Asks: 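First, the structure itself, so that you have it in front of you.
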Amino acid sequence: MIANIFLNIVVLIIGAIFSWLPVVTSLPTINGFDIDSALVTGIGQLNTFLNTFWPIKYMIVGALTIFSYYILKMGLKFILGHRAPGQH
Amino acid sequence: MAKKRSIAKKWEATMSLKALVFLLVILGSFFISHGKALACGADDCHGSAFPNTQGGNVITSFTGINNTWTPIMTGAYYDFYWEYGTDSTYATASGSVNAFGGSPVYDMTALQARFGSTTGHYYAYTIEPISSYTTGNFDIIYAYSDSPGHLIPFGPSSTPGPCDSDPSTRILSMYPGDGDIVSSTVAFTLDACMDPADVTGSYSVKVTLHNIDQNVLIPGFSQSDLYLINGENITTSGEYNPSITPVLLPDGNYRLNVVFEQSYLWGLLQNPFTHLFVNPFTKILNISHSFIVNHGTFIGNLSNNIFSETNSILGGYTSTKTASQLAKTCNPLDGDFDLIQCLHFLFVPDGQALAQTLTQAKDGIFTRMPWGYLTRFITILSSTDTVDFDTYSHTFPISGSENLTIGFNPGEILTGAGEFVDSIHDPLNPDVNFKDTFGPMIKLVIALGVIITIAKDLMGSHQHENEGGGKNTKLS
């Protein structure tokens, strides 16, 4: 409980520091194009499609896992440089 | 001798006559009483003569001629007798039906009612205390029967409340509950039990509403503390349901506090020597519920969290939170004292509270500009909400004023295809459809493909050049 209180106080302090910043509730609209609505609609329709054709959902999850692996690897290379595994 | 015989015969005749009269009287009284009972209906045999003031069970489920049930009767002697009545008058015929042979019993645990006949009509039965009543409840039967096994209840009926089985002073429920999100008009409710011993100590109840955000984010809300009930004396024991006027509240975080405390002045006047050393801040109950009206605020949520956790650590007050029970392990005077559990409770972060803090950090910090755009983007991507596909249509002019409209609805096509796939069932097991059968297989193939791809890449990442300048792997 002491740890919880400490964390709460930390979050409270950080929150108070940034409390003057505006809260983002939606993505911006650029040149009349509402990015937020477009993304919400697009992801929603994708979810509808994937709920119906569930094998594709599994395939996309698999592909995303592989992409995540490559992104992680790229991040490691960027941070560790030649010390990253497989680098010389 | 003959004279003696005639005297004996006369005596016999007299006795026979007397016996006949007596029998007729008995039978007559039975029929009379029977007739009276028949006149006792559901409407006219109201149970006001036997008010169920002690909150006992109303037994309405006995059939046949022998019935046994377990009454709640402690602390007093009881007798069980039947009563019959005319339209408005009840007479007692104690002893006709008795518990255990008619002897009053103490702390009854089981009772058998023996009805005189399997045919005919039954009457109203009741159980009442016959000696000094101390504590506890007694069962009462308000019923009449117009045929064997058909019991019709009448009169006041009540079922035992939660305070009957456990009369100790405690809160049964409070609204709003801890952590509730409610709409603007809040109908507060409080349901509590008051112990008879506490009532004699002149306890009063105070229900206070605190607005946590009042000095922070809500302009115009000037009330510091709203006393929903302020110092109302509780004069009767049992269930306590005060009437609290609903309050219209602005959005924000609130804390509802209920305190049952003893009047120090009352105690001092009653017994100065005893109450002189009584802590004037003695509270038998002090419970707080935090709730949100429509939308909470970042500061209010965190403030509530800190209050709840601090309150749990202090643990001195009764709280509805389980953490309070755990906090008792830190009190060396408490029977549940456990140093290891106490240290664990104090220093190991609670998972649920931690998740709550992180959620509030996300809401209060990560949503701020400019990183809030990234949070919003991730929120949209991780959403599971579905949106129907748009329908498309086009109108072609055919000739003159006639048009042909052709529509295309991708959603219908998708739904139809999905329903078709779902309609394919295992011929041997109709409860298993195509997805149930092939879903795990497809998942397995894809998972294996992902693992092999990553494993192959990992092994390839260890390749190094050989002396000839070519590349080989560790396996080569």
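These values consider heavy atoms only, across backbone and side chains, with no hydrogens, waters or symmetry-generated copies. The shown structure was predicted, so the numbers you read here are calculated from the model rather than taken from an experiment.
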Asks: Less than 4.5 Å apart, any side-chain heavy atom of A/T41 and any of B/V387?
Replies: yes
Asks: Would you say the side-chain atoms of B/D385 pair up with the backbone N or O of A/G44, donor to acceptor, closer than 3.5 Å?
Replies: no
Asks: Please determine, among A/A16, A/P22, A/G42, A/G62, the option with the most heavy-atom pairs under 4.5 Å with chain B.
Replies: A/P22
Asks: Is the shortest side-chain heavy-atom distance between A/P28 and B/Y373 below 4.5 Å?
Replies: yes
Asks: Atom NZ in A/K57, atom NZ in B/K443: separation rounded to 0.5 Å?
Replies: 9.5 Å
Asks: Look at B/T375, B/V445, B/T379, B/D388 and state which one has the largest set of heavy-atom pairs under 4.5 Å with chain A.
Replies: B/D388
Asks: Report yes if some heavy atom in the side chain of A/Y69 is under 4.5 Å from a heavy atom in the side chain of B/L458; otherwise report no.
Replies: yes
Asks: Please look at A/F49 and chain B and tell me whether the side chain, the backbone, both or neither of the residue comes under 4.5 angstrom of a heavy atom of that chain.
Replies: both
Asks: What part of B/I454 lies closer than 4.5 angstrom to a heavy atom of chain A: side chain, backbone, both or neither?
Replies: both
Asks: Who among A/T65, A/N51, A/I9, A/T25 has the most heavy-atom pairs with chain B under 4.5 Å?
Replies: A/T25
Asks: Looking only at heavy atoms, which two atoms of B/I380 and A/L27 are closest? And how far apart?
Replies: CD1-CD1, 3.9 Å
Asks: What distance separates A/I14 CD1 from B/I365 CD1, expressed to the nearest 0.5 Å?
Replies: 5.0 Å
Asks: Given a strict heavy-atom distance threshold of 4.5 Å, which part of B/L358 is in contact with chain A: side chain, backbone, both, or neither?
Replies: neither
Asks: May I ask you to decide if the ring planes of A/F18 and B/W371 are parallel, tilted or perpendicular, using 30° and 60° as cut-offs?
Replies: perpendicular
Asks: Is it true that atom CE of A/M74 has more than 12 heavy atoms of other residues, nucleotides or ligands lying nearer than 6.0 Å?
Replies: no
Asks: Could you grab the distance from atom OG1 of B/T386 to atom CD of A/Q45, nearest 0.5 Å is fine?
Replies: 10.5 Å
Asks: Nearest 0.5 Å, please: how far is CG in A/L21 from OG1 in B/T367?
Replies: 10.0 Å
Asks: For residues A/V24 and B/R376, report the shortest heavy-atom separation together with the two atoms involved.
Replies: CG1-CB, 4.4 Å
Asks: Under 4.5 Å, counting heavy-atom pairs only, tell me which of A/I17, A/L46, A/V40, A/V61 racks up the most with chain B.
Replies: A/V40
Asks: Looking at side-chain heavy atoms only, is the closest gap between B/D457 and A/Y70 below 4.5 Å?
Replies: yes
Asks: To the nearest 0.5 Å, tell me how far A/I60 CD1 sits from B/I446 CD1.
Replies: 10.0 Å
Asks: Return the minimal non-hydrogen interatomic distance between B/S383 and A/I43, and the atom names on each side.
Replies: O-CG2, 4.2 Å
Asks: Just wondering, do A/F53 and B/L414 contact through their side chains at under 4.5 Å, heavy atoms?
Replies: yes
Asks: Quick check: closest heavy atoms across A/Y58 and B/G439, and the distance to 0.1 Å?
Replies: CE1-O, 3.9 Å
Asks: Given heavy-atom pairs under 4.5 angstrom as the criterion, report whether the side chain, backbone, both or neither of A/D36 touches chain B.
Replies: both
